[in-house]
Amino acid sequence: MRKDENLDMNFFKKMEKGFNSHTGSYVFYILAAAAFAFLKSAEFAYGWIAELYPLGDKFVPVMLGITGTCAVISVAYIMLLSFVPESKSIRSKILKIIHIIIEILSVILFIYTTVLLFGFDKGISLENISTGVQYLAPNLAILGMIVLIPLPLIFCEKASNSGKALIASVLIAALTIIPLNIDFSKLEGNSNKNYPDMQFQSENPVEDAQITYESLKNNEKADAINLLDDGNKCWTAQKPDTALSSEYGDINNSVAEIQLKEAKTFNTAVIEETGNQVQYFRLQAYINDEWITVYQSEKIQSLKICSFDAVTTDKVRLSIDKFRDDNIPAKIKSLKLYNEPTRSADDFEVTAYQRIDGDVPTEILSKGDAYVDNYAKFYDVYSTVILFGAVNWDENGNISFGEKGEENFAKQVEALKEIISHRSNKNHQVKLIITALADGTGGSHGGVNVYMGKNMETIADQIISLVNKYDFDGVDIDWEYPASAEDWSNFDKFIAKLDEGMNTNGKDRILSAALSAWNLGLSQETFDRLDQIQFMAYDGNDKDGYQSSLQQAQDGIADFANNGADISKINIGIAAYGRPINSTPFWATWRDLEQANYWDSKYYNVADCNQIYEGTFCSPALAGDKTTYALLTGCGGVMVFRVACDKTMDDPNSVACGIQNTLNRYITNW
């Protein structure tokens with residue numbers, strides 16, 4: 001026999017020995033176990049799998065059976081190596097060959113299920129990988145335990161030691177897996193998210209309800225019952241088959257109908273989603289023998305609070321109308337209903353930024369009392385008006401009132417006060433504060449940091465004088481953004497000087513700051529000095545391009561709390577303008593959006609600056625939801641940027657109308 005033939009034989013012998021060793025068998029066991037978990041997690045793909053493969057509906061169960069068998073055989077072979085001496089006939093060459101075939105099959109199954117779960121057949125993308133991880137996550141911990149069970153056998157050569165190791169590993173796995181299946185989220189202090197709790201004053205009637213109908217596509221299991229409890233299981237709403245069924249016409253929407261124990265009145269719904277697949281949904285009530293839509297919107301995400309006029313019914317329907325990917329189900333964790341009563345909320349703020357060069361106050365007054373009275377309806381909603389963009393600073397820290405000078409500034413301030421006095425409810429107090437430092441003054445963002453670093457003391461003194469001279473109720477700082485530790489140190493000193501300088505002679509003025517949740521470098525002392533925080537919960541496009549979502553507000557509030565802020569000072573931002581879904585620098589106003597309606601935040605043909613683009617706004621309904629969330633979580637209030645972007649309140653699609661509707665539902669005598 002030639003030398004190279006000997007080398008080849010030695011190579012194959014080493015390969016065969018490796019495949020049939022403790023370690024080799026364990027590696028292929030892991031691949032088979034992972035393939036089983038991947039296929040089990042890829043339930044969203046079962047529909048098209050059934051249509052594509054010859055076995056049809058039986059393909060997935062058969063594949064799960066084959067994959068599970070491969071895993072069982074591999075772990076059995078590991079036990080054989082551990083407990084049976086090599087001299088026994090049971091460890092024959094035929095058995096080794098069969099085992100190698102099983103190992104090769106395990107590799108094939110692992111590759112196939114990996115492609116299926118992570119969508120690699122459509123190309124490699126972070127979104128597909130993220131989706132796969134999302135659906136694998138509930139099975140990941142158990143998979144880890146299953147993988148670890150036979151691991152001690154690899155290091156035990158004696159049968160007695162192997163037996164003890166196996167028993168120990170099974171006990172450890174049992175003690176680990178059992179707690180993983182307990183829902184600890186119901187126990188106080190065990191939430192994995194630092195979101196503030198919402199304080200409801202009413203009971204949820206859904207707890208005693210029943211599911212009377214659930215639209216199902218081929219091979220889909222009925223699981224809408226999971227909507228009615230707080231467990232970890234979800235209703236997996238799927239895009240239906242596009243063919244009429246014999247009884248229902250649900251060919252585009254996935255629906256679940258809920259029969260309440262008796263007729264109930266409710267004005268608030270809370271819906272939880274695991275993931276971010278829902279792109280449009282409706283909540284309907286069965287009234288006078290027909291389904292009436294009481295709420296609709298684009299997004300659910302981790303928690304969607306829905307505020308609407310009170311309805312009374314014993315039947316409720318949740319309809320998922322659009323999916324991000326028709327092959328991936330939406331996982332709806334729960335639906336709760338409440339009938340929240342009005343409550344006293346004396347410290348709740350509805351703040352709005354207003355320029356005097358947009359809706360020019362003197363020009364508004366010149367249009368007559370009827371126009372002024374209509375415009376002044378804004379101030380029946382807003383409790384604090386922040387005068388924005390009226391002053392700026394040069395590089396040497398000198399104040400400027402623009403081309404028209406301080407005389408025009410004074411005239412416009414008085415005109416604005418006159419307009420505010422035309423509000424319908426004269427008992428409703430409206431405070432007027434001024435943004436005396438704002439983004440854009442002195443050039444770029446970096447320019448603010450430069451001239452504030454040089455002239456912080458001088459600028460603070462001039463702001464204090466300005467506030468005293470015009471008797472403003474306070475000052476707002478919109479420093480976008482301190483970029484270094486030195487910048488934040490100057491910010492802290494600046495706020496301290498303003499706080500101490502404004503509140504002299506018995507005055508108790510408001511100190512406000514506009515902040516983004518992602519840029520928080522201020523000290524705890526500065527947090528404590530601030531009376532209001534205008535949280536800019538907008539301009540943060542998510543993966544679908546939504547730039548003022550409720551999810552953004554929730555995440556931001558959690559970030560503020562983690563950084564030491566008192567959330568009772570935070571006003572959640574509401575954009576009265578829109579942004580392109582691709583974040584390009586255009587800002588269409590809600591006022592000019594001709595197709596605007598009360599419910600929708602996304603529009604497909606926004607005309608702005610000689611551009612046509614898909615853009616997202618904060619609809620009146622969403623503005624109301626943000627207001628509801630702020631109220632029920634104990635936040636300070638909400639903030640609108642800005643008045644001139646909004647439709648006047650004689651239009652029911654005004655953003656301010658959405659806020660007012662919420663105030664009327666939940667607050668006594670706003």
Side-chain angles (χ1 to χ4, degrees), residues 41 43 134-135 137-142 177-214 221-238 254-262 264-278 281 283 285 295 297 299-308 313-320 329-340 550-551 553-555 557-558 561 625 628-629 631-634:
S41 301
E43 293 182 358
Q134 173 188 320
Y135 285 97
N139 301 316
L140 198 56
I142 294 176
I177 292 173
I178 291 172
L180 287 172
N181 288 278
I182 299 175
D183 183 11
F184 289 99
S185 63
K186 296 180 181 178
L187 302 178
E188 186 175 355
N190 281 283
S191 172
N192 60 355
K193 293 183 180 180
N194 193 24
Y195 293 157
D197 293 330
M198 291 185 289
Q199 302 300 317
F200 291 100
Q201 299 180 10
S202 58
E203 296 182 354
N204 171 28
V206 171
E207 292 178 351
D208 299 323
Q210 294 181 331
I211 299 296
T212 55
Y213 172 71
E214 173 183 359
K221 295 180 180 179
D223 57 6
I225 190 67
N226 296 325
L227 287 171
L228 307 184
D229 61 47
D230 280 332
N232 289 324
K233 294 183 178 180
C234 299
W235 170 40
T236 51
Q238 298 193 42
S254 184
V255 302
E257 292 178 8
I258 301 171
Q259 176 71 56
L260 304 180
K261 192 173 182 180
E262 58 185 359
K264 291 289 186 179
T265 301
F266 50 91
N267 59 7
T268 309
V270 177
I271 310 172
E272 295 178 274
E273 179 185 4
T274 299
N276 183 21
Q277 292 300 317
V278 176
F281 74 95
L283 183 66
Y295 187 94
S297 185
K299 290 275 195 170
I300 295 179
Q301 297 179 286
S302 64
L303 185 148
K304 175 67 174 178
I305 188 163
C306 312
S307 175
F308 45 85
T313 185
D314 64 347
K315 287 184 180 180
V316 178
R317 184 176 186 179
L318 179 60
S319 176
I320 309 303
K331 302 178 75 172
I332 313 301
K333 187 177 179 183
S334 68
L335 167 65
K336 301 182 179 76
L337 303 174
Y338 300 95
N339 186 33
E340 285 300 286
L550 181 60
Q551 182 72 54
Q554 294 164 346
D555 291 341
I557 292 298
D625 297 340
T628 305
Y629 184 77
L631 179 65
L632 296 182
T633 55

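Every heavy atom of this structure was used, including side-chain atoms; hydrogens, water molecules and symmetry mates were not. Only a predicted model underlies this, so the values are computations on that prediction, with no experimental measurement involved.
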With sequence neighbours left out, what residues match Y338 under side chain to side chain donor-acceptor pair (under 3.5 Å)? none

Is a donor from one side chain sitting under 3.5 angstrom from an acceptor on the other, for T236 and D223? yes

Can you check whether Y295 reaches D625 side chain to side chain, under 4.5 Å on heavy atoms? yes

Are any of the side-chain heavy atoms of S319 and F281 separated by less than 4.5 Å? no

So K336 and N204, do their side chains get closer than 4.5 Å, heavy atoms only? yes

Checking A558 now: which residues fulfil side-chain contact (heavy atoms from CB on, under 4.5 Å) with it, not counting sequence neighbours? Y195

Answer yes if the side chains of Y213 and K315 hold a donor-acceptor pair under 3.5 Å, and no otherwise. no

Scan side-chain atoms only and decide if E273 and S302 contain a donor-acceptor pair under the 3.5 Å cut-off. no

Taking C-beta and beyond as the side chain, do V316 and L337 meet within less than 4.5 Å on heavy atoms? yes

Side-chain donor-acceptor pair under 3.5 Å between S334 and E272, yes or no? yes

Hey, are the side chains of I211 and Q259 touching, using non-hydrogen atoms and a 4.5 Å cut-off? no

Verify side-chain contact (heavy atoms from CB on, under 4.5 Å) between S202 and F266, making sure each step is shown before the conclusion. CA-CA 9 Å; S202 58; F266 50 91; over 6 Å; no

Does V255 reach the side chain of I320, with side-chain heavy atoms less than 4.5 Å apart? no

